[in-house]
Structure formats: C-alpha cells, structure tokens
Trainee: 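One structure, as structure tokens, below. Some questions next.
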Amino acid sequence: MTDKNGTEGKSNFIYSMIREDLAKSTLGDNPVHTRFPPEPNGYLHIGHAKAILLNYFIARDFHGKFNLRFDDTNPIKEEQEFVDSIIEDIRWLGADWEDRLFFSSDYFEVKYQFACRLIEAGRAYICDLNQEEIKEYRGTLTEPGTESPYRNRSVEENLELFEGMRKGEFPTGSRVLRAKIDMASGNLNMRDPVIYRILHADHHRTGDKWCIYPMYDFDHPFSDCLEGITHSLCSIEYSDHRPLYDWIVDRAVELVPEVVKYRSRQTEFARLNMTHTVMSKRKLRRLVEEKYVSGWDDPRMPTIAGLRRRGVTPQAIADFQERVGVSRAESTVDLALLEHCIRQELENTAPRLMAVLDPVRVVITNWPEDKTEMCEMENLPGNDSAGKREVPFSREIYIEREDFMEDPPKKFHRLSPGKEVRLKGAYVICCEEVIRDNEGNIIELRCTYDPLTRSGSDTSGKKIKGVIHWVSVQHAATIKVNLYDTLFTVENPEEDSEQDFTSHINPQSLIVCENVPAEPAVAEAKPGSRFQFLRKAYFYFDPKASADGQPVFNRIVQLKDSWAKIKKK
RNA sequence: UGGGGCGUCGCCAAGCGGUAAGGCACGGGUCUUUGGAAUCCGCAUGCGCAGGUUCGAAUCCUGCCGCCCCAGCCA
C-alpha cells in the first residue's frame with residue numbers, strides 16, 4: 001500500500017513513526033535522514049550490523065539519506081586503525097553513505113561556539129569540583145544532588161575560564177563545563193551534566209589542536225542537528241539520555257538556529273543478542289587477548305570481520321536483520337535464524353563439490369585397475385546456467401567413514417555389508433568385504449559395482465534409497481579444512497554470574513582436517529569463493545589462511561541433517 | 001512512589017476496541033541420484049496476573065507481579 005516508499009510488509013514501531021512523520025509533514029522539506037555513529041575504539045559485531053542496516057534500510061526504503069559519522073570525542077580511546085576497520089566492515093555490509101562520511105571532530109569549532117552561547121545564556125558554567133566531588137554532589141538514585149558552589153559564577157568569569165580551558169591554561173581534569181539544568185531531577189543525566197572536559201591528549205584527527213573535548217550527551221544531539229538527522233536511532237540504554245538530548249536540541253534551536261538543519265529526535269530500540277555467543281566489547285576483547293581465538297577476525301567471532309572470514313555473506317546478514325525485526329523488548333535471537341539465512345542464500349549460489357572429510361578407502365574389485373571414467377555432475381542442481389563438470393571415477397575411491405555401518409539400524413540407507421548404495425553421479429556399489437588392521441579398525445571396504453547403474457543411463461531398474469559422495473583416490477586434490485562450530489556450548493554463556501563465561505567455551509569449536517581429499521575441480525576454485533561440499537556443509541575458500549599456497553576451506557554452516565535427528569531417537 | 005523501559009507460541013515478532021499475521025525452531029506427509037533443497041500439513045480458545053469498562057478487550061482503566069537500564073570528566 002505504501003509501495004511508493006518500498007516499505008510494504010515492514011511493520012515495526014520505527015517505520016510506523018516515520019510513516020506518521022511523513023503523513024503529518026513534520027519533517028518539512030527534509031528527507032528522512034539517519035546515521036550510524038560508531039566510536040572508533042573497537043571492532044564492529046553482528047549487533048552493530050543490525051543497527052547499521054536498520055539505519056541504512058530506513059534511508060533506502062524512504063528515499064532518504066544515511067550518514068556514517070564517527071563519534072570521536074574521546075582521544076584517549078580512539079584510533080585511526082579502528083576508523084579503517086569500521087569503514088571496511090560497513091562498506092562490506094553494503095550500507096552506502098555515499099559522500100557523507102563525517103567525524104564528530106569535524107565540528108569541534110562550531111561546538112565550542114555553541115558552548116559559549118550556552119554560557120552567555122546562563123545555561124552552562126565552569127565547575128572546579130574534582131571528579132570525586134562531582135560524584136558526591138550528584139546524589140544517589142534515591143536522593144537529590146547538591147548544587148555546585150561554582151554554579152552561579154558570572155557569565156564573564158565562565159567565558160574567561162572556558163577560553164582558558166581551550167587555550168590549555170589548566171591541567172587535565174582540573175575543571176569542566178557543565179550544563180545548568182536540575183540537581184534534583186530524578187534522572188541523574190539531568191543533574192548538571194558535564195559537557196566539556198580538559199584532556200591534554202592528541203586526537204587521531206585533530207592532533208593537538210584541542211585540549212578540551214565535548215562529552216557524548218552534548219556532542220551527539222548537536223552533531224545530529226548539524227547534519228540534519230531526522231531520526232537519531234540508538235539502543236535502549238540511552239532512553240534515560242533522551243531528556244538531555246532534547247534539552248541540547250532545544251538550546252541549539254534557541255541559541256544557534258543558523259546552524260541547525262533539523263530539530264533531531266532520538267528513538268531507542270533493543271539491541272541484538274544472539275545465542276551461543278557474547279557481544280560485549282570487553283568479553284570479545286578477552287577472547288582475543290586470552291587467545292581463545294586467533295584474533296578479531298577469527299571465524300568463530302561474532303564480529304563483522306569474523307563473519308566475513310567465516311564466509312558468511314553480507315546478503316545473508318541483511319536478510320537476517322530484516323527477519324529479526326526491531327522492537328523495544330529485550331531479545332536474544334536464536335543462532336539458528338542466522339544459519340537459516342546463510343543456508344537459504346548459499347543453496348542457490350554456492351556450486352557443489354565433493355570432498356571426503358573423514359575418508360575410508362573403497363576398492364571396487366570388478367573395476368579394471370587402470371580405467372578412469374568421467375562422470376558429469378551439475379554445479380548447481382536445478383540451475384542449468386551454472387553448468388556441469390566432469391568428475392573422474394576409478395577403481396579406488398574414498399567415502400565418508402560415517403557413510404558405512406557394519407551393523408546398521410533399519411533406517412540406515414547408506415553402505416553396509418551385503419547392501420547397496422549409489423555413488424552420487426556414478427554407479428551403485430555393493431559392499432562385499434570389510435578389511436581391518438590389527439587393532440580392528442576398518443581400513444578398507446571391498447565392493448563391486450553394477451555396470452547397469454551408470455548415472456543418467458541406469459537400466460538396472462534398481463531403486464536405491466541411499467546416495468553418498470565420494471572422491472577418486474588417484475585423482476584427489478588435497479585441501480585443508482577448518483570445521484567451525486559455536487564458540488560456546490551453551491545458549492547463554494553469560495547466564496551464570498558465578499561462573500566465568502569462558503568456562504563454557506566449546507572445546508570442539510574448531511576441528512582442523514588436514515589432507516582432505518577433494519575432487520580435482522577444487523584446484524580451479526578461487527580464494528574468496530563459496531561451495532557446498534556435497535551432503536556436508538557450505539565452505540569458504542579463506543584467502544587469508546590460504547596465503548601460503550595450501551588451500552584452506554572454512555566451514556560456514558552445516559547442512560541440515562535429518563539423519564542425525566533420527567539417530568538420536 | 002528515585003527515574004526510565006519491557007512482558008503476545010521454545011526464539012524473534014505483527015497486532016493500535018471487532019474476535020491472535022509471519023519467520024525460525026519443532027512434529028508429520030509428498031517428492032528427491034544431496035537423509036540437502038522444494039512442497040503440503042500441524043503447532044497460542046489465548047496475549048505476565050487479578051479485577052473493571054464495553055455488545056465485544058492482547059488492545060482502554062485500576063491494582064499487582066516479574067525482568068532490564070541509570071549514580072564516567074566513556075560512548
């Protein structure tokens with residue numbers, strides 16, 4: 001019904017709000033304008049991806065604009081390295097800020113001017129209380145605060161002091177600029193919040209030009225106004241800051257209307273949590289620093305860099321974001337939903353290949369020693385345009401160890417003594433003999449094939465239920481495979497406050513398989529491409545790990561396995 | 001009575017006074033040379049609880065209960 005905006009089917013409180021804004025023309029001539037405001041002090045994760053795509057899709061759906069703006073107001077924590085990685089991640093996700101890449105620090109001068117107007121209007125003052133004193137004067141959750149003895153300094157003195165702060169006349173931490181609001185407010189954020197502090201520290205962009213830096217609560221709403229952000233979306237924990245956000249916006253409109261493009265408004269939504277992982281910056285950092293993972297881009301990490309290296313596609317993440325939806329209720333989304341989105345995309349885009357992760361040798365005794373036959377197989381079932389390939393078949397092949405059972409249950413449709421199974425794209429074989437080593441381990445299966453059962457020209461009339469994958473021993477290429485699983489064994493590693501979350505680390509989160517035999521076509525695979533290793537999982541040709549010439553494939557996500565379910569019963 | 005939020009199926013989530021969408025998960029059938037995919041069917045007499053208003057309540061009112069966030073010169 002609102003196809004004009006491409007939002008049909010999307011029903012959440014933010015879209016409703018924007019439709020209403022549009023219907024009532026509250027935006028005036030302004031387009032719907034959102035932004036993503038990361039602080040460059042760490043890596044982005046899937047939770048950020050939700051926020052990025054939410055903001056970006058709103059702009060896209062309502063034909064508006066989307067800005068990328070770094071919230072770089074704390075030089076002590078921020079670094080160029082993170083700016084770079086964040087830009088790379090957001091670009092990869094596909095959120096396009098066009099030519100609107102901004103930095104909060106771009107506006108330091110106009111912010112300083114705004115702060116001066118605040119002082120002149122009697123709305124802000126320089127406070128000489130030290131950090132501890134400010135805390136004491138703030139009061140508690142249940143008791144009102146006390147007014148600072150510096151609260152009623154003259155405008156002249158405040159202006160002079162503020163200028164002195166800018167000029168570097170005072171040491172770090174000696175004074176602050178505070179908004180004069182209400183020390184008795186039930187909302188702690190309104191008890192004369194600090195809006196500027198002295199920090200003699202080099203900034204990654206402005207160098208030593210400034211030694212005073214604005215605080216988030218002052219900086220953010222004003223930056224939004226300067227950029228004409230109509231809908232400033234943030235997570236729920238900022239709800240308490242909204243009155244202050246509005247206070248700053250009101251003062252900006254009142255005191256520096258010439259630079260205010262729009263009277264921005266803040267709207268909060270619940271941030272994303274996901275099962276089987278952790279999302280807090282602190283915990284992710286511990287995983288890296290304590291070497292539970294190989295780095296921020298370890299394929300088990302929920303970071304964008306980790307998901308990328310795992311082989312997850314941006315399209316799958318976007319699909320996930322849209323399916324998760326947005327609300328104000330605290331939520332933890334099942335990892336299974338993300339996995340579903342990944343499978344759904346790869347099902348139609350990832351070419352099939354055969355590889356045997358846990359091989360056992362099969363000798364086809366009635367097949368000539370030196371004969372090789374080529375079997376034609378589809379790259380993408382049901383999609384002719386993806387073409388076909390030739391797979392060599394010969395006397396000795398590998399099959400998956402778990403595809404053979406000596407004493408199978410009734411529902412087992414794979415290979416077992418005296419039973420037949422189809423080799424995908426080739427022939428039906430029958431197991432005649434099991435060869436063991438001295439310890440009783442199966443080391444070889446001796447089978448016979450039925451010449452009438454060649455795939456595509458089967459004249460045997462046999463109805464074979466089981467189909468398994470295989471690789472010709474003689475023609476096999478060798479690859480390395482990383483079998484990734486969830487980093488944690490439990491849905492919520494943070495549930496038990498008594499126990500450290502690292503105690504739930506999954507010891508099997510990475511199983512490395514060296515020398516995995518794969519069909520020769522794997523040699524033509526390009527780093528960065530994705531495949532389905534038939535009947536097993538989707539894999540990503542990891543360009544970073546494969547740097548030394550040995551191809552490495554990361555398991556992105558397993559195929560659904562209904563046999564595993566039957567087996568459990 | 002510090003302030004601010006949230007409670008609809010196992011997990012997300014629509015719903016905005018007219019008689020509980022959808023997705024994931026789960027269970028079952030069909031089909032299948034991937035036990036994949038596809039496809040069909042099932043899955044909340046009830047929306048935290050208790051009252052009330054109304055012809056009619058998940059939606060309005062009242063009172064409870066539970067959970068989350070806030071006392072950085074972090075964002």
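Below, chain A is the first sequence line, B the second, and so on; all start at residue 1.
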Trainee: With heavy atoms under 4.0 Å as the rule, sort A:His413 into base, sugar-phosphate or nothing.
Mentor: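 Base, at least one base atom sits under 4.0 Å.
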
Trainee: Among the candidates B:C70, B:C24, B:G15, find the nucleotide nearest to the side-chain atoms of A:Ser16.
Mentor: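 Within the option list, the nearest is B:G15.
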
Trainee: Between A:Tyr112 and A:Phe162, does the ring centre distance come in under 6.0 Å?
Mentor: yes

Trainee: Side chain of A:Glu347, base of B:G36: donor and acceptor closer than 3.5 Å?
Mentor: yes

Trainee: Under 4.0 Å between a side-chain N/O of A:Ser562 and OP1 or OP2 of B:G36, yes or no?
Mentor: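 True: A:Ser562 side-chain N/O within range (under 4.0 Å) of B:G36 OP1/OP2.
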
Trainee: Taking any heavy-atom pair under 4.0 Å as a contact, classify A:Gly145: base, sugar-phosphate, or nothing.
Mentor: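 No contact.
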
Trainee: Which residue lies toward the 5' end of RNA chain B, A:Thr453 or A:His340, if each is placed at its nearest nucleotide?
Mentor: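 Result of the comparison: A:His340.
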
Trainee: Report which part of the nucleic acid A:Ser239 touches: base, sugar-phosphate, or nothing (heavy-atom distance under 4.0 Å, all strands).
Mentor: sugar-phosphate

Trainee: Quick one: A:Glu339 CD to B:A25 P, roughly how many Å, whole number?
Mentor: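 In whole Å, B:A25 P lies 9 Å from A:Glu339 CD.
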
Trainee: Whole Å only: how far is the CE atom of A:Met354 from the C1' atom of B:U33?
Mentor: 11 Å

Trainee: Which part of the nucleic acid, if any, lies within reach of A:Pro381 when heavy atoms closer than 4.0 Å are counted: base, sugar-phosphate only, or nothing?
Mentor: base

Trainee: Which nucleotide sits closest to the side chain of A:Tyr238: B:A75, B:G2, B:C12?
Mentor: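 In terms of side-chain proximity for A:Tyr238, the closest of B:A75, B:G2, B:C12 is B:A75.
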
Trainee: Compare side-chain N and O positions of A:Thr140 against OP1 and OP2 of B:G2 and report whether any pair is under 4.0 Å apart.
Mentor: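 No, because none of the side-chain N or O atoms of A:Thr140 sits under 4.0 Å from OP1 or OP2 of B:G2.
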
Trainee: Hey, does the side chain of A:Arg422 reach the backbone of A:Ala426 with a donor-acceptor pair shorter than 3.5 angstrom?
Mentor: yes

Trainee: Ignoring hydrogens and geometry beyond distance, is the side chain of A:Asp240 in donor-acceptor contact with the base of B:G3 at under 3.5 Å?
Mentor: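 Check passes, donor-acceptor contact within cut-off.
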
Trainee: I need the CZ-P distance between A:Arg178 and B:C73, as an integer number of Å.
Mentor: 8 Å

Trainee: It should be established whether A:Lys565 places a side-chain nitrogen or oxygen under 4.0 Å from OP1 or OP2 of nucleotide B:G27.
Mentor: yes

Trainee: Report the base-pairing partner of B:U33 (Watson-Crick or G-U wobble, both distances below 3.5 angstrom), or none.
Mentor: none

Trainee: Take atom CZ of A:Arg328 and atom P of B:U8, then tell me their distance rounded to the nearest Å.
Mentor: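 Spelled out: CZ on A:Arg328 to P on B:U8 is 15 Å.
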
Trainee: Counting any heavy atom closer than 4.0 Å, what does A:Ile134 reach on the DNA or RNA strands: base, sugar-phosphate only, or nothing?
Mentor: base

Trainee: Would you kindly compare A:Tyr216 and A:Phe13 by the position of their nearest RNA chain B nucleotide and give the one closer to the 5′ end?
Mentor: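 Final value for this comparison: A:Phe13.
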
Trainee: Roughly, in whole Å, what's the span from NE2 in A:His48 to C1' in B:A75?
Mentor: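 Interatomic distance, NE2 of A:His48 to C1' of B:A75: 10 Å.
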
Trainee: For A:Lys560, report the nucleic acid contact type (base, sugar-phosphate, nothing); a contact means any heavy atom under 4.0 Å.
Mentor: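 It contacts sugar-phosphate atoms only.
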
Trainee: Compare the minimum distances between each of B:C73, B:G3, B:C24 and the side chain of A:Asn187, then state the nucleotide with the smallest one.
Mentor: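 Looking only at side-chain atoms, A:Asn187 lies closest to B:G3.
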
Trainee: So do the side chains of A:Phe412 and A:Lys567 get within less than 4.5 Å of each other, counting heavy atoms only?
Mentor: no

Trainee: Using a 4.0 Å heavy-atom cut-off across all strands, classify A:His469 as base, sugar-phosphate, or nothing.
Mentor: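 Here A:His469 touches no strand at all.
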
Trainee: With P as the reference atom in both, quote the distance from B:U62 to B:G4 in angstrom, rounded to an integer.
Mentor: 15 Å

Trainee: Could you state the CZ-C1' distance from A:Arg271 to B:A75, rounded to the nearest angstrom?
Mentor: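 In whole Å, B:A75 C1' lies 11 Å from A:Arg271 CZ.
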
Trainee: Consider the side chain of A:Asp561, meaning its heavy atoms from C-beta on, and name the nucleotide among B:G72, B:G35, B:C73 that approaches it most closely.
Mentor: B:G35

Trainee: Do A:Cys431 and A:Val362 make a side-chain contact, defined as non-hydrogen atoms from C-beta onward lying under 4.5 Å apart?
Mentor: no

Trainee: Would you classify A:Asn130 as touching base, sugar-phosphate or nothing, given that sugar-phosphate means primed atoms plus P, OP1 and OP2, and contacts are heavy atoms under 4.0 Å?
Mentor: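 Here A:Asn130 touches the bases of the nucleic acid.
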
Trainee: Go through the N and O atoms of the side chain of A:Arg414 and the base of B:G35, and report whether any donor-acceptor pair is under 3.5 Å.
Mentor: yes

Trainee: Output the rounded distance in Å from CG (A:Asp246) to P (B:G3).
Mentor: 19 Å

Trainee: OP1 or OP2 of B:C74 less than 4.0 angstrom from a side-chain nitrogen or oxygen of A:Arg197, does that happen here?
Mentor: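 Answer yes for this pair, as a side-chain N or O of A:Arg197 is under 4.0 Å from OP1 or OP2.
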
Trainee: Mind checking A:Val324 for me? I need base, sugar-phosphate or nothing, with any heavy atom below 4.0 Å counting as a touch.
Mentor: sugar-phosphate

Trainee: Identify whether any heavy atom of A:Lys536 sits under 4.0 Å from a base atom; if not, whether one sits that close to sugar-phosphate; answer base, sugar-phosphate or nothing.
Mentor: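 No contact at all - A:Lys536 keeps every heavy atom at 4.0 Å or more from the nucleic acid.
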
Trainee: Over 60° means perpendicular and under 30° means parallel, so tell me whether A:Phe553 and A:Phe533 are parallel, tilted or perpendicular.
Mentor: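 Tilted.
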
Trainee: Expressed as a whole number of Å, how far does the P atom of B:U53 sit from that of B:C11?
Mentor: 34 Å

Trainee: Under 4.0 Å, heavy atoms only, any strand: does A:Gly456 hit a base, just the sugar-phosphate, or nothing?
Mentor: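 Base contact.
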
Trainee: Parallel, tilted or perpendicular: which one describes the rings of A:Tyr238 and A:Tyr216, with boundaries at 30° and 60°?
Mentor: tilted

Trainee: In this structure, how many angstroms lie between the C1' atom of B:C74 and the CG atom of A:Asp72, rounded?
Mentor: 14 Å

Trainee: Using the C1' atom as the point on both nucleotides, what is the distance between B:C49 and B:U39, in whole Å?
Mentor: 42 Å

Trainee: Considering every strand shown, what is the Watson-Crick or G-U wobble mate of B:G22 when both distances are under 3.5 Å?
Mentor: B:C12

Trainee: Give a yes or no on whether the backbone of A:Met274 and the side-chain of A:Thr277 come within a donor-acceptor separation of less than 3.5 Å.
Mentor: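 A pair under 3.5 Å: no.
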
Trainee: Within the 4.0 Å heavy-atom criterion, would you say A:Lys465 contacts the bases, only the backbone, or no part of the nucleic acid?
Mentor: nothing

Trainee: Under 4.0 Å between any heavy atoms, over every strand shown, what does A:Ile566 touch: base, sugar-phosphate, or nothing? Just pick one.
Mentor: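 The answer is base, as A:Ile566 lies within the cut-off (heavy atoms under 4.0 Å) of a base atom.
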
Trainee: Compute the centroid of each ring, for A:Phe222 and then for A:Phe114, and state whether the two points are separated by less than 6.0 Å.
Mentor: yes

Trainee: Searching all strands shown, indicate the nucleotide that pairs with B:G51 (Watson-Crick or G-U wobble; both distances under 3.5 Å).
Mentor: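 Result: B:C61.
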
Trainee: Just call it for A:Thr73: base, sugar-phosphate, or nothing, with non-hydrogen atoms closer than 4.0 Å on any strand.
Mentor: sugar-phosphate

Trainee: Can you classify the ring geometry of A:Tyr213 versus A:His203 as parallel (below 30°), tilted (30 to 60°) or perpendicular (above 60°)?
Mentor: parallel

